[in-house]
Amino acid sequence: MTVFSLTEIGAGPQRSNSVKELVNIEWNQRLSVLDDVGSPAWLYSCRDRRNIWANNAALTFFARPATEFLDPAAFGGKPGDGWTEAVNELNEKISQKVETEGVAQQCTVTGNVGMLPGWLGSPPHMSQVSHLITYKPFDIERCGKQVRVTLVQVELQIDQWNLVEANTSRLMVMHQYNPINSFLFDQQGNLLLANPAAHAYYGDVQDITLRGLFEEGLYADGSSCNQDYDSALHIIFNEKRAHRSQYRRFSRKNPTKQKWCELEMWPTTDPVTNRPAVLVSKQNITQTKEAEEALKEQRNILQSKNFRLEKELEAKYEGVKSFDQASPLDITIKFLDRLMEGEVPPVQEMANLKTILLTCENLREPTQLKEQLLAEVSYERDVGLNLLQLLGGGEKTNTMDCLTKGPVNKNATNKEKSMFSKKMIQRGLMRDQFVPSTIVPAVEQILMKTEHWTWDAFELTEATQGCPCSTLAFWTLKKSGLISHFQLDEVKLSRFLRRIEEGYPENPYHNRLHACDVLQSLHMVMVKGGIFPKYADRLCQLAAYMAAILHDFEHGGLNNDYLVKSADVLALRYNDRSPLENHHLAGAFQVFRHPECFFMGKLSPSDISRFRQLCIDMVLATDMKQHFSILSQFQAKLKILTTTTPVGELTPEDMKMDENQLSLVLQIALKCSDVGHLACSRVVHKKWVALLEEEFFRQGDQERMNGMKISPLMDRLKPGITKSQVGFFDIVALPLFRSFASIFTQCTPLLESVEDNFLMWKEMEQGSKA
């Protein structure tokens with residue numbers, strides 16, 4: 001008899017009634033209902049160990065007449081007759097659980113089961129069938145009193161024999177028609193079994209061994225083959241894990257041609273001997289390898305193209321000293337590398353390095369940044385000054401300069417001078433507009449284009465009636481599955497997006513369309529560029545998108561230098577350190593935490609904390625005065641990774657990143673996206689540059705009106721930033737994009753577009769000098 005256990009499946013009202021005499025019972029109407037049920041059901045008394053009623057389906061199931069099925073002696077005349085100790089214990093348990101406590105039980109019986117409580121033994125024709133049986137409390141009436149017995153039902157029948165037979169047939173079909181050569185070898189590498197595909201390929205497979213498969217490869221010498229084979233055996237049988245081995249071999253059909261093969265091996269057990277074995281599949285991966293080689297060739301062509309471009313530009317500007325990106329930290333690391341290789345540098349070089357380290361203010365900033373930018377042989381002076389101001393290498397200014405001299409505008413108080421009015425900060429909470437739940441076809445058609453590297457954001461403004469950022473943001477979050485994954489409140493999310501969008505003033509450049517453009521660029525970098533899902537998780541993706549959306553929230557069209565020089569409220573509040581970026585974050589998170597806009601109610605506090613920290617790190621990184629520091633950290637990470645693995649061949653296993661390193665990658669991704677228009681088509685890119693130039697001119701107008709010194713390239717009466725584009729590309733853009741694309745090679749199309757626009761500005765500059 002099969003041993004089995006009871007499982008509790010429910011509970012009913014608890015009573016302690018015991019069954020007395022079960023003779024001449026007055027059946028209630030429920031029995032007539034059970035009699036019509038198609039599944040076998042009958043009543044059983046645990047106390048008397050006998051069946052007391054059965055429906056027609058039960059009598060048919062057991063193939064017994066009612067007199068035999070309900071015979072009081074069927075289970076033995078006295079307790080213990082015909083009963084084993086195990087069955088007796090089971091009967092007591094059913095009595096306690098079902099008839100006393102009112103808790104239903106279930107069990108599964110398999111094979112030719114003998115006598116059980118209420119079960120007279122499996123019918124002969126059911127020997128290969130499993131049965132799911134339930135024991136449920138059932139109250140009946142006798143002389144106006146309720147007594148409880150057990151209702152036994154056969155809930156499910158499973159034909160084991162047919163199931164095994166069917167699965168065996170399916171396995172045979174899979175084995176028969178599997179087109180991949182498959183083998184089973186023992187621990188010594190001897191063949192146990194080969195599938196029909198292997199028989200068709202090799203013919204006689206009797207002499208095939210696992211070592212023989214390895215020996216098919218083209219190795220420089222026999223030792224290489226032995227090493228691969230021994231290593232595979234160790235991994236399979238000692239480490240108990242799967243292994244792959246790839247090799248070249250000559251084609252059987254055309255011996256002059258080589259092919260690539262892959263052996264994929266899994267540890268298993270021989271079901272016949274129960275000894276260790278290895279399952280091996282052999283595949284032709286020539287096409288895959290050819291595709292890999294083609295990608296490598298394309299990368300080499302691109303690198304050669306870049307090299308030629310650089311040489312052509314050097315030839316055009318022969319005599320012009322190129323910008324040296326090396327920082328004191330870079331110089332020191334190279335110096336240490338030489339020492340580790342056994343080289344002894346000259347004493348004077350060591351003294352020079354010591355001087356550099358003692359005199360530099362920023363270890364990650366290029367050495368002699370100011371001198372390089374202001375050298376006449378590099379860039380025109382106003383271009384150099386503009387870049388110096390942008391990158392933070394010029395004279396340090398602070399609010400004390402302005403505070404000691406008084407307000408720049410004597411008719412204005414410090415509060416009034418701030419470019420951020422109270423109305424601007426609060427207006428996001430005054431309107432209750434939402435992103436429409438449905439997207440009109442014209443808008444959807446434009447949104448579909450966001451899945452391409454080159455995209456024209458200007459098309460979306462008119463189509464969305466001035467709401468490009470909130471529309472694209474909701475579309476991206478919805479389409480990427482982030483809304484459903486985190487169960488974001490769509491109404492509150494829509495409200496948040498519109499209120500953030502309302503917080504973007506009508507600046508020529510730093511406006512809601514710019515935020516929209518940055519979001520699209522970052523989405524492409526994350527998804528198409530290979531960051532998500534290989535390295536970043538869903539929460540990182542959500543944080544990245546939100547950082548792009550809010551990264552210039554309530555930007556007044558004036559840069560950090562202006563805020564510091566004018567002692568603006570934000571400069572005072574944030575101690576002259578990234579006042580704009582700090583305000584973008586603080587203002588946006590004030591909206592985020594508002595009850596009407598808090599859309600992340602389903603996230604845990606730890607997830608929200610991580611989300612916020614990622615957003616803070618990313619947005620603060622957009623301050624260009626942090627550019628060299630952040631890029632240098634990223635390049636240092638690249639150097640560590642590429643010491644063992646060539647650039648372009650890095651895998652997720654090679655790039656195991658902790659939270660700080662992942663945050664650094666996201667910071668660089670947003671920095672690239674923040675100037676994503678550099679990778680737009682030439683026409684669209686020039687349009688963005690013209691808008692930025694106009695915004696700078698407006699700051700120059702403000703500086704002139706307040707009697708301040710006009711910032712370089714911001715004087716409307718002189719050439720603007722279009723004059724500095726070559727320098728910006730050379731010093732900032734190209735090193736940034738090249739470093740990023742060298743790790744995330746899927747971003748190569750982005751780099752190619754940036755280099756094309758750089759060439760355009762170079763040609764324009766050359767033409768203006770001709």
Does any donor atom in the side chain of Q699 or E695 lie under 3.5 Å from an acceptor atom in the other side chain?
no

Output, in order, the C-alpha distance, side-chain angles, deciding distance and verdict of side chain to side chain contact (heavy atoms under 4.5 Å, CB included) for V564 and Y574.
CA-CA 10 Å; V564 173; Y574 298 111; over 6 Å; no

If only atom types and distance count, is the side chain of N511 paired as donor or acceptor with the main-chain N or O of P508 below 3.5 Å?
yes

Taking the six-membered ring for Trp and the full ring for Phe, Tyr or His, determine whether the centres of F592 and F599 are under 6.0 Å apart.
yes

Parallel under 30°, tilted from 30 to 60°, perpendicular over 60°: which one fits the rings of F758 and F729?
parallel

Could you go through the side chain to side chain contact (heavy atoms under 4.5 Å, CB included) check for Y535 and L666 one step at a time?
CA-CA 10 Å; Y535 310 104; L666 296 177; over 6 Å; no

Please step through salt bridge (charged side-chain N to carboxylate O under 4.0 Å, His left out) for the pair E501 and R498, ending with a clear verdict.
CA-CA 5 Å; E501 187 167 51; R498 286 303 295 269; 3.7 Å; yes

Tell me the closest heavy-atom pair linking A543 and C615, and the distance in Å.
O-SG, 3.5 Å

Is N559 reaching over with its side chain to a backbone N or O of D561, donor-acceptor style, under 3.5 angstrom?
yes

Here the salt bridge (charged side-chain N to carboxylate O under 4.0 Å, His left out) pairs for residues 455-475, sequence neighbours left out, are K449-E459

Verify, without hydrogens or angle tests, whether S724 (side chain) and G727 (backbone) share a donor-acceptor contact under 3.5 angstrom.
no

Checking the side chain of S663 only, and the main-chain atoms of E659 only, is there a donor and an acceptor separated by less than 3.5 Å?
no

Any side-chain heavy atom of V591 sitting closer than 4.5 Å to one from C597?
yes

State the CD1-CD distance between I616 and Q613, to the nearest 0.5 angstrom.
5.0 Å

In terms of heavy-atom contacts, does CZ of R593 have more than 12 from other residues, nucleotides or ligands at under 6.0 Å?
no

Point-to-point distance, once rounded to the nearest 0.5 Å, from CG of L472 to CZ of R512
14.0 Å

Do the non-hydrogen side-chain atoms of C540 and R610 ever get within less than 4.5 Å of each other?
yes

Within the side chain of N560, is there an N or O that forms a donor-acceptor pair under 3.5 Å with the backbone of L580?
yes

When you measure from the side chain of Q661 to the backbone of D658, do you find a donor-acceptor pair of N or O atoms at a distance under 3.5 Å?
yes

Judged by modelled atom types alone, do Q725 and N757 share a side-chain donor-acceptor pair under 3.5 Å?
no

Considering only heavy atoms from C-beta outward, does the side chain of M524 approach that of Q520 to under 4.5 Å?
yes

Under a 3.5 Å cutoff, is there a donor and acceptor pairing between the side chains of T748 and E752?
no

So CG of D576 and CG of L570: to nearest 0.5 Å the spacing works out to 11.0 Å

With a 4.5 Å cut-off on side-chain heavy atoms, are W475 and V443 touching?
no

Calculate, to the nearest 0.5 Å, the distance between atoms CG and CG belonging to D756 and L751 respectively.
11.0 Å

Rounded to the nearest 0.5 Å, what separation is found between the CE atom of M618 and the CG atom of L550?
9.5 Å

Parallel, tilted or perpendicular: rings of Y504 and F553 (30°, 60°):
perpendicular

To check you understand the geometry: which heavy-atom pair defines the closest contact between V732 and P735, and what is its length?
O-CD, 3.5 Å

Would you mind reporting whether F634 and K671 have side-chain heavy atoms less than 4.5 Å apart?
no

Please step through side chain to side chain contact (heavy atoms under 4.5 Å, CB included) for the pair L542 and L488, ending with a clear verdict.
CA-CA 11 Å; L542 178 63; L488 305 181; 4.3 Å; yes

Using the ring-ring contact (aromatic ring centres under 6.0 Å, His included) rule, pick out the option among F532, W455, Y545 that qualifies with H523.
Y545

Intermediate values then yes/no, side chain to side chain contact (heavy atoms under 4.5 Å, CB included), F474 and S470
CA-CA 6 Å; F474 193 87; S470 58; over 6 Å; no

Do the side chain of E693 and the main chain of I721 share a donor and acceptor less than 3.5 angstrom apart?
yes

Does the side chain of D674 pick up a donor-acceptor pair with the side chain of T622 at under 3.5 Å?
no

Could you check if a side-chain atom of K492 sits within less than 4.5 angstrom of a side-chain atom of M600, using non-hydrogen atoms only?
no

Mind telling me whether H685 and W761 have parallel, tilted or perpendicular rings, with 30° and 60° as the class edges?
perpendicular

Should we say atom CZ of R716 is surrounded by more than 12 heavy atoms from elsewhere, each under 6.0 Å from it?
yes

How close do S673 and V525 get, heavy atom to heavy atom, and via which atoms?
OG-CG2, 4.2 Å

For the pair F744 and F740, name the ring-plane relationship: parallel under 30°, tilted 30 to 60°, perpendicular over 60°.
tilted

Do H677 and V689 have side chains that approach each other closer than 4.5 Å (heavy atoms only, starting at C-beta)?
yes

For R538 and D607: C-alpha separation, side-chain torsions, deciding distance, then whether salt bridge (charged side-chain N to carboxylate O under 4.0 Å, His left out) applies.
CA-CA 11 Å; R538 283 284 193 179; D607 281 345; over 6 Å; no

Is there a donor-acceptor pair closer than 3.5 Å between any side-chain N or O of E703 and the backbone N or O of S711?
yes

If I compare all heavy atoms of S578 with all of Q626, which pair ends up nearest, and what's the gap?
OG-NE2, 4.4 Å

F696 side, atom CZ; I710 side, atom CD1 - distance, nearest 0.5 Å
14.5 Å

Does the D730 side chain pair with the main chain of V726, one donor and one acceptor, at a distance under 3.5 Å?
no

For N507 and H555, which heavy atoms make the closest approach, and how far apart are they?
ND2-O, 2.7 Å

So among T464, L497, T476, T461, which one has a side chain to side chain contact (heavy atoms under 4.5 Å, CB included) with T471?
T464

Tell me, do F486 and L539 make a side-chain contact under 4.5 Å, heavy atoms counted?
yes

If only side-chain N and O atoms count, and only distance matters, is there a donor-acceptor pair under 3.5 Å linking S739 with Q635?
yes

Minimal heavy-atom distance between P468 and L460, with the atoms involved, is O-CD2, 3.6 Å

Tell me if the centroids of the rings in H510 and H551 come within less than 6.0 Å of each other.
no

